Q: 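Let me give you the structure first, and then I'll get to my questions.
The model shown is predicted, which means the values in this text are computed figures rather than measured ones. For the numbers below, each heavy atom of this structure counts, side chains included, while hydrogens, waters and symmetry mates do not. In what follows, every chain begins at residue 1, and chains take the letters A, B, ... in the order their sequences are listed.
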Number of protein chains: 2
Amino acid sequence: MHESAASPQTEARTEAAQRVLEASKILFAERGYDGVSIRDIAEKAKVSKANVFHHFGSKANLYAAILEQVAEQLGTKLDVLRDSSCSVQERVARFAELDLQDQLEDPHCVYLFLRQLMAPNNTEQRRKAEQVIRDSLRSLLQLLEQLQEQGELPADTDPLALTLAIAGGNFMYFQLQGILAEFQRDGRPVDPSTFSRSLMHLITPAVNNGPTPPTTRG
Amino acid sequence: MHESAASPQTEARTEAAQRVLEASKILFAERGYDGVSIRDIAEKAKVSKANVFHHFGSKANLYAAILEQVAEQLGTKLDVLRDSSCSVQERVARFAELDLQDQLEDPHCVYLFLRQLMAPNNTEQRRKAEQVIRDSLRSLLQLLEQLQEQGELPADTDPLALTLAIAGGNFMYFQLQGILAEFQRDGRPVDPSTFSRSLMHLITPAVNNGPTPPTTRG
DNA sequence: TTTCCGACTGATCGACCGGTCAGGTTGGAA
DNA sequence: TTCCAACCTGACCGGTCGATCAGTCGGAAA
């Protein structure tokens with residue numbers, strides 16, 4: 001048999017096994033667990049079907065390995081929130097912008113996470129997804145509460161609603177990126193960092209650097 | 001053969017066929033197209049497997065029928081935006097609240113729509129989903145622009161970002177409803193209409209229906 | 001050399017998939 | 001009463017699914 005999927009191994013993986021992981025990630029993200037067969041994965045990874053089972057034991061195990069990889073990747077986002085030595089405002093703005101960038105850079109990750117979140121309640125899959133998003137949102141929420149205590153955020157605004165608006169706005173941009181252009185008067189695509197700034201600005205003008213108009217700044 | 005799936009028939013459907021539709025909607029929403037077999041549907045609908053094919057021709061046809069039903073249901077939301085005779089502010093607020101209510105009342109609809117949106121780009125499925133969301137967002141966006149012309153919305157806020165923040169915030173609430181309670185200091189679940197009001201308030205205090213004085217806006 | 005072990009493969013399994021088919025049943029028009 | 005069309009079913013089909021297995025191969029250990 002093989003090592004339990006719970007072990008945090010990113011270590012010695014055969015080149016073939018690595019190809020299987022990469023192919024799986026893409027295919028599972030695009031078509032979902034049931035929409036992908038081991039044959040599809042093996043073919044894309046240029047590996048025999050039996051070899052997939054040799055390395056990962058079962059389809060469920062392989063999927064679990066992918067999800068673990070995704071959760072790990074998404075978890076690292078938090079570091080920016082804690083470690084940064086700049087002001088709270090900047091940290092919030094950076095978080096929002098980085099969150100959007102991460103989504104745009106690795107869409108497969110987002111789709112995998114979203115599918116995990118769509119699993120029925122009280123399943124291990126769903127709980128794990130909730131854990132990831134809980135950690136992320138809680139950190140952002142705490143930052144916003146901190147901001148409110150500093151008086152940089154109006155006292156009557158709800159930090160929780162603000163948190164969801166930021167995260168949700170980013171997600172919406174990510175999902176609808178392709179059709180946002182036609183909402184613009186000039187018909188040009190919306191630049192992600194510009195959007196990020198607009199989002200921060202409209203939600204809490206106090207966070208933005210005061211009188212500067214929301215035009216492109218270097 | 002059967003009627004083309006494109007026909008807008010909500011008409012004479014056998015009781016059995018109706019049961020199949022309902023069962024399909026739930027199962028497809030929960031597990032996705034590939035995660036559900038005709039056997040599963042037939043069993044849940046208490047109908048023979050062959051009868052499913054008799055009424056809907058193929059699995060793909062059945063799924064298309066479900067999606068059409070979903071699109072129709074989601075499209076009706078727009079009426080509230082247009083017909084209402086109340087002020088623009090109220091219409092925006094009502095739209096946000098109604099949007100959230102709709103999601104909470106029929107989660108299966110949301111999941112089906114989300115799965116449709118996760119289909120690869122340039123597929124008919126994906127395009128149809130984009131069409132629905134485009135219509136909805138455009139209406140909301142126009143309302144907000146109208147609001148901005150009236151001076152009820154700061155001139156330097158981006159209506160598009162605001163639109164996505166509202167829609168995204170609602171979606172986030174819907175998805176994370178179960179874990180939001182522990183973000184509250186009192187640990188109690190967040191009431192949807194309360195959340196809706198908070199969301200509207202923080203995004204643009206002027207829109208808030210309450211007799212809030214012209215905010216400090218600083 | 002011989003032994004041994006992990007990487008890897010082609011052939012194959014039973015189960016289940018979407019879909020078909022022949023035929024039974026029923027209700028209303030002719 | 002006859003007839004026909006629609007509703008509905010159990011049995012069945014070819015194909016694909018996840019998974020297994022016997023066995024090949026190459027390199028490190030003995």
Side-chain angles (χ1 to χ4, degrees), chain A residues 1-5 7 9-67 115 119 123-125, chain B residues 1-5 7 9-67 115 119 123-125:
Chain A
M1 277 303 285
H2 314 272
E3 291 298 311
S4 163
S7 71
Q9 50 188 3
T10 320
E11 72 222 35
R13 284 227 130 109
T14 313
E15 203 175 316
Q18 199 62 41
R19 284 204 309 274
V20 169
L21 275 179
E22 292 167 11
S24 301
K25 181 177 175 179
I26 295 175
L27 291 178
F28 280 141
E30 288 177 349
R31 307 187 214 158
Y33 182 81
D34 295 302
V36 177
S37 71
I38 300 289
R39 276 176 180 81
D40 296 332
I41 296 173
E43 190 176 345
K44 190 177 180 74
K46 291 186 169 34
V47 164
S48 78
K49 184 163 71 83
N51 199 14
V52 176
F53 287 96
H54 171 70
H55 282 295
F56 299 97
S58 72
K59 187 184 180 182
N61 252 327
L62 173 57
Y63 192 63
I66 298 286
L67 291 189
R115 292 187 191 278
T123 61
E124 191 188 352
Q125 245 191 78
Chain B
M1 275 305 285
H2 313 273
E3 291 298 312
S4 163
S7 71
Q9 51 188 2
T10 321
E11 69 217 41
R13 284 226 130 109
T14 312
E15 204 175 315
Q18 200 60 42
R19 284 204 309 273
V20 170
L21 276 179
E22 292 167 11
S24 301
K25 182 176 175 180
I26 295 175
L27 290 179
F28 280 141
E30 287 177 349
R31 308 187 213 157
Y33 182 81
D34 295 302
V36 177
S37 72
I38 300 289
R39 279 174 179 80
D40 296 332
I41 294 172
E43 191 176 345
K44 190 178 181 74
K46 291 185 169 34
V47 163
S48 77
K49 182 165 70 84
N51 200 13
V52 177
F53 287 97
H54 170 69
H55 282 294
F56 298 97
S58 72
K59 187 184 181 182
N61 252 327
L62 174 57
Y63 193 63
I66 299 286
L67 290 189
R115 291 188 191 279
T123 61
E124 192 189 352
Q125 244 191 81

Q: How many angstroms lie between atom OG of Ser24(B) and atom CD1 of Ile38(B), to the nearest 0.5 angstrom?
A: 7.0 Å

Q: For the helix from dT1(C)-dA30(D) to dA30(C)-dT1(D), what angle separates the axis at the start from the axis at the finish, each from five pairs, in steps of 10°?
A: 10°

Q: Using a cut-off of under 3.5 Å, enumerate the N/O to N/O pairs linking the protein to nucleotides 22-27 of chain D.
A:
none

Q: Rounding to an integer number of Å, can you tell me how far Phe53(B) CZ sits from dT20(C) C1'?
A: 9 Å

Q: Rounded to whole Å, please give me the gap between NE2 in His54(A) and P in dA11(C).
A: 20 Å

Q: Could you run down the sub-3.5 Å N/O contacts of the protein with nucleotides 24-27 of chain C?
A:
none

Q: Please check this pair: side chain of Lys49(A) against backbone of Ile41(A), looking for a donor-acceptor N/O pair closer than 3.5 Å.
A: no

Q: Can you tell me which residue pairs pass the side chain to side chain donor-acceptor pair (under 3.5 Å) test with a partner in residues 27-36 of chain B, sequence neighbours excluded?
A: Arg31(B)-Asp40(B)

Q: Any base atoms under 4.0 Å from Ala16(A), or only sugar-phosphate, or nothing? Heavy atoms, all strands.
A: sugar-phosphate

Q: Between Arg19(B) (CZ) and dC7(D) (C1'), how many Å, whole number?
A: 12 Å

Q: Search all heavy atoms of Lys59(B) against all heavy atoms of Phe28(B) and return the closest pair with its distance.
A: CE-CE2, 4.2 Å

Q: NZ of Lys44(A) to CD of Glu22(A): how many Å apart, nearest 0.5 Å?
A: 10.5 Å

Q: Counting only non-hydrogen atoms, which of residues 33-51 of chain A are less than 4.0 Å from DNA chain C?
A: Val47(A), Ser48(A), Ala50(A), Asn51(A)

Q: When you measure from the side chain of Thr14(A) to the backbone of Ala17(A), do you find a donor-acceptor pair of N or O atoms at a distance under 3.5 Å?
A: no

Q: Restricting to side chain to side chain donor-acceptor pair (under 3.5 Å), what partner residues turn up for Lys25(B), sequence neighbours left out?
A: Asp106(B)

Q: Between dC8(D) atom P and Arg13(B) atom CZ, what is the distance in whole Å?
A: 12 Å

Q: Whether the side chain of Arg19(A) engages the backbone of Val47(A) through a donor-acceptor N/O pair (distance < 3.5 Å, no angle test) should be reported.
A: no

Q: For the pair Thr123(B) (side chain) and Ala119(B) (backbone), establish whether a donor and an acceptor sit closer than 3.5 Å, ignoring hydrogens and angles.
A: no

